[in-house]
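Just below is one structure, and these are the notes that go with it.
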Protein chains: 4
Amino acid sequence: MTTQPQARAGRPRSEKAEKAIIEATLDLIAEGLGVAELTIEAIAARAGVGKTTIYRRWANKEDLVVDALATMREPLPPLAGESVRDDLIALLDVVRREVGHRRARCVINVAMSEADSPKSVGKRFFKQAMEPRLTAIRRVLSRGRANGELDPDLDIDMGLALLSGALIWFGRWGPEGDLPEDLAERIVDHALEGIARRA
Amino acid sequence: MTTQPQARAGRPRSEKAEKAIIEATLDLIAEGLGVAELTIEAIAARAGVGKTTIYRRWANKEDLVVDALATMREPLPPLAGESVRDDLIALLDVVRREVGHRRARCVINVAMSEADSPKSVGKRFFKQAMEPRLTAIRRVLSRGRANGELDPDLDIDMGLALLSGALIWFGRWGPEGDLPEDLAERIVDHALEGIARRA
Amino acid sequence: MTTQPQARAGRPRSEKAEKAIIEATLDLIAEGLGVAELTIEAIAARAGVGKTTIYRRWANKEDLVVDALATMREPLPPLAGESVRDDLIALLDVVRREVGHRRARCVINVAMSEADSPKSVGKRFFKQAMEPRLTAIRRVLSRGRANGELDPDLDIDMGLALLSGALIWFGRWGPEGDLPEDLAERIVDHALEGIARRA
Amino acid sequence: MTTQPQARAGRPRSEKAEKAIIEATLDLIAEGLGVAELTIEAIAARAGVGKTTIYRRWANKEDLVVDALATMREPLPPLAGESVRDDLIALLDVVRREVGHRRARCVINVAMSEADSPKSVGKRFFKQAMEPRLTAIRRVLSRGRANGELDPDLDIDMGLALLSGALIWFGRWGPEGDLPEDLAERIVDHALEGIARRA
DNA sequence: GTATAACCGAGACGGTACGTCCCGTCTTACC
DNA sequence: GGTAAGACGGGACGTACCGTCTCGGTTATAC
């Protein structure tokens with residue numbers, strides 16, 4: 001007599017198939033296809049899997065894509081908590097590193113895609129992937145405003161918009177190849193000090 | 001016998017139909033559909049037009065969407081050329097006003113959409129709609145760096161990224177309703193002065 | 001101003017496609033497939049036609065098959081009306097001739113197929129193809145009973161069952177090759193005179 | 001130490017499951033489904049049995065159906081051997097009784113089903129269920145021809161066709177409800193005496 | 001008594017065909 | 001020659017079953 005989690009009846013789902021599906025999805029995205037051009041049939045074929053096996057796990061293409069994108073995320077970095085500048089750089093550099101890979105580059109574009117239709121990947125990716133990072137940034141900014149490192153009148157949302165917006169900008173419309181390693185650092189410095197001439 | 005530009009034989013194309021098609025397209029986009037969910041058949045039905053009439057003018061859905069989006073653009077504002085701050089605010093405020101309409105809000109999302117597939121709307125919209133505005137901003141920044149209004153070491157691309165990125169950020173992930181009227185002004189001020197505490 | 005039938009809007013349906021579909025269907029049936037093994041996709045492929053073109057005309061496979069079978073039917077033969085024997089032979093010989101072709105042989109098997117599910121081909125084929133012939137036979141039998149050529153106590157349904165049943169029997173379970181040319185004649189004679197020893 | 005047939009190791013197959021499967025199959029057929037609409041999954045569900053348990057016993061749906069149909073057959077009746085008429089009636093009445101049940105009615109339809117594809121139920125049911133009965137009828141007819149009860153020139157196959165054909169006719173296309181109890185008798189009499197007016 | 005072997009239910013697996021939707025093209029009659 | 005209507009061949013959708021394959025668990029005989 002056990003109180004163990006469960007041990008559902010029947011043959012368990014194949015982890016191998018699941019991985020193959022995710023891989024195939026990311027592969028196809030990396031080839032430059034948008035969500036619209038992605039087809040479940042192509043994913044199934046590339047993964048060597050029946051369509052059923054996909055639909056058993058995800059209700060539709062968008063759900064699958066959101067999950068596939070999620071697997072590419074690095075975890076939040078540990079924050080030293082000593083300087084606002086260092087913490088912001090650490091947080092932004094995670095994204096910079098991710099976007100450094102070609103595959104992830106395509107992925108981020110897909111993630112930002114399209115309108116707010118219920119099936120849209122964009123909103124859901126935002127909730128799932130971006131929100132935690134934004135919250136972390138927001139927290140660092142609040143701390144900085146409180147302890148005097150930042151302007152006491154700082155509009156947190158505006159700070160967030162400058163930092164995130166710039167990073168997304170480079171990811172989406174920046175130079176084709178890898179992003180420069182010091183990008184996060186330079187974004188943070190420009191955002192902190194402004195672009196106007198120092199007095 | 002005329003020497004006029006053309007005067008092609010046969011019945012001329014109906015301007016009314018063309019407008020109805022564009023309107024129908026924007027309507028459907030405003031209802032929150034992404035490019036993928038848009039269908040030519042739905043557009044034709046809503047516009048009360050045959051599919052032929054659409055395909056006679058645009059080779060595919062994406063071309064139509066790009067054209068439809070284009071009709072929403074305001075022209076570049078005249079720049080006073082006296083202060084970098086004022087000029088930047090003027091340039092950014094055009095976008096802010098556009099994005100103020102719900103319809104345009106959806107449209108901008110669509111415009112940012114998706115990957116770099118050849119049919120993708122994103123890249124083409126960028127070329128057609130964003131590039132001129134970005135060039136204008138870039139020009140203002142260069143002028144400012146040259147005449148001492150801005151940091152002489154300013155990385156123009158970084159300035160552009162901060163300004164545009166923040167605006168896009170608010171358009172895409174900002175509050176649901178209209179954007180505040182002073183948004184452009186506040187973005188520019190934060191970008192110019194930075195968010196760190198003044199000495 | 002016309003009062004003509006109609007002249008429906010849009011491109012008219014292609015008769016060529018329709019014929020190709022029917023032909024393909026009969027071909028595949030003639031290859032020995034039952035209704036169950038028939039697939040719309042195979043029919044479409046063989047006919048060089050899109051599935052849509054089939055579904056635009058027939059709601060499902062069974063409807064298509066019923067229509068296809070119908071095209072194989074010969075019209076009712078003219079009846080001399082002089083002798084019951086001659087008229088019955090004429091009526092039965094139509095079926096014998098049809099069943100003489102291999103293709104039709106398969107077809108008749110399909111036509112007799114299966115249960116009485118709403119989708120079943122059997123019942124519908126019966127209504128459409130067999131009923132008129134049975135009615136004709138029944139009429140000849142009634143006439144014969146009335147004018148003294150047949151037993152005045154004859155049960156018409158029983159006569160019909162003997163005649164039709166025997167013919168179907170040979171079609172379904174008779175010798176593999178063509179049915180003998182005098183089959184109808186012999187069936188009629190046996191049915192008329194009985195198989196018992198003459199007094 | 002036994003010399004019995006076998007006594008295989010391991011858990012023996014469940015007779016209960018086997019019966020439940022057959023029952024479920026006949027049930028579903030009786031609901032008017034044809035072989036095509038029958039699904040193994042539905043049978044398994046209705047029988048409360050795993051699909052494996054079915055496939056362990058029968059290679060495919062058709063085999064199962066043939067076996068299921070077989071369970072409905074009555075054994076051949078003992079023949080008095082005194083009169084051809086009585087023996088024929090006895091043989092035909094077995095079928096009449098079987099077909100009297102609604103379930104069997106559907107079953108006989110299924111049994112006659114469809115084309116001659118290798119998987120077809122029809123041919124196999126014929127071999128298994130009809131052949132012995134037909135042989136018995138044929139034997140009675142031969143005996144009658146030999147001993148003078150029947151026409152010395154009788155074509156045995158024709159006699160068989162009249163008798164069997166008529167019975168099948170009533171089973172397949174006769175009145176909806178039960179078949180009349182004297183049907184076999186009346187068929188035999190009509191076949192023996194013919195339907196033409198007595199001299 | 002305890003292996004061991006075949007069974008059992010459940011249900012996931014790679015597939016095939018379904019019937020639907022939309023693509024971009026085409027063919028009508030009408031204007 | 002443009003237009004609305006709508007049929008065309010094609011391709012992907014999401015669903016239903018196919019027949020096969022694991023699972024954990026059960027029930028027999030054989031050791």
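The chains referred to below are lettered A, B, ... by the order of the sequence lines, with proteins before strands, and numbering in each begins at 1. All values below come from the heavy atoms of this structure, side chains included, with hydrogens, waters and symmetry mates left out.
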Anything under 3.5 Å between a donor and an acceptor, one on a side chain of residues 42-59 of chain B, the other on a protein residue two or more places apart or in another chain? List them.
residue, atom, partner, partner atom, Å
B:Arg46, NH1, B:Glu31, OE2, 3.2
B:Arg46, NH2, B:Glu31, OE1, 3.4
B:Arg46, NH2, B:Glu31, OE2, 3.0
B:Lys51, NZ, B:Glu41, OE2, 2.9
B:Arg57, NE, B:Thr53, O, 3.0
B:Arg57, NH1, B:Glu18, OE1, 2.5
B:Trp58, NE1, B:Asp67, OD2, 2.9

Inset, instruction - Look at the side chain of A:Lys61 and the backbone N and O of A:Ile40, then say whether any donor-acceptor pair between them is shorter than 3.5 Å. - result: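 Looks like no, no N/O pair under 3.5 Å.
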Legend entry - Separation between CE of B:Met72 and CD1 of B:Ile22, rounded to the nearest 0.5 Å: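 Here the interatomic distance stands at 11.0 Å.
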Inset, instruction - Would you give the length of the straight line joining atom NZ of C:Lys16 to atom CD1 of C:Ile21, rounded to the nearest 0.5 angstrom? - result: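 One gets 12.0 Å once the value is rounded to the nearest 0.5 Å.
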Whole Å only: how far is the [atom1] atom of [X] from the [atom2] atom of [N]?
X       : N      : atom1 : atom2 : result
A:Leu64 : F:dC13 : CG    : C1'   : 15 Å
A:Arg11 : E:dG11 : CZ    : C1'   : 9 Å
B:Asn60 : E:dG24 : CG    : P     : 6 Å
C:Ile40 : E:dG19 : CD1   : C1'   : 9 Å
C:Glu37 : E:dC18 : CD    : P     : 12 Å
C:Lys16 : E:dT27 : NZ    : P     : 10 Å

Inset, instruction - Output the residues of residues 44-58 of chain B in contact with DNA chain E, where contact means a heavy atom of the residue under 4.0 Å from an atom of the strand; sort by number or write none. - result: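 Hits under 4.0 Å, by residue number: B:Lys51, B:Thr52, B:Tyr55.
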Legend entry - Upstream residue (5' side of DNA chain E) when A:Arg13 and C:Leu38 are each assigned their closest nucleotide: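 Here A:Arg13 is the residue nearer the 5' end.
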Legend entry - Residue mapping more 5' on DNA chain F - nearest nucleotide basis, A:Lys61 or C:Ala17: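 In this pair, the answer is C:Ala17.
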Legend entry - Position toward the 5' end of DNA chain F (nearest nucleotide), C:Glu41 or C:Ser14: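 By nearest-heavy-atom nucleotide position, the 5'-most residue is C:Ser14.
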Inset, instruction - Apply the test side-chain contact (heavy atoms from CB on, under 4.5 Å) to residues C:Thr25 and C:Leu69: give CA-CA distance (whole Å), side-chain angles for both, the deciding distance (0.1 Å), then the verdict. - result: CA-CA 9 Å; C:Thr25 306; C:Leu69 299 184; over 6 Å; no
Inset, instruction - Evaluate the side-chain contact (heavy atoms from CB on, under 4.5 Å) criterion for residues C:Leu64 and C:Leu38: first the C-alpha distance (whole Å), next the side-chain angles of each, then the deciding distance (0.1 Å), finally the verdict. - result: CA-CA 11 Å; C:Leu64 166 56; C:Leu38 260 187; over 6 Å; no
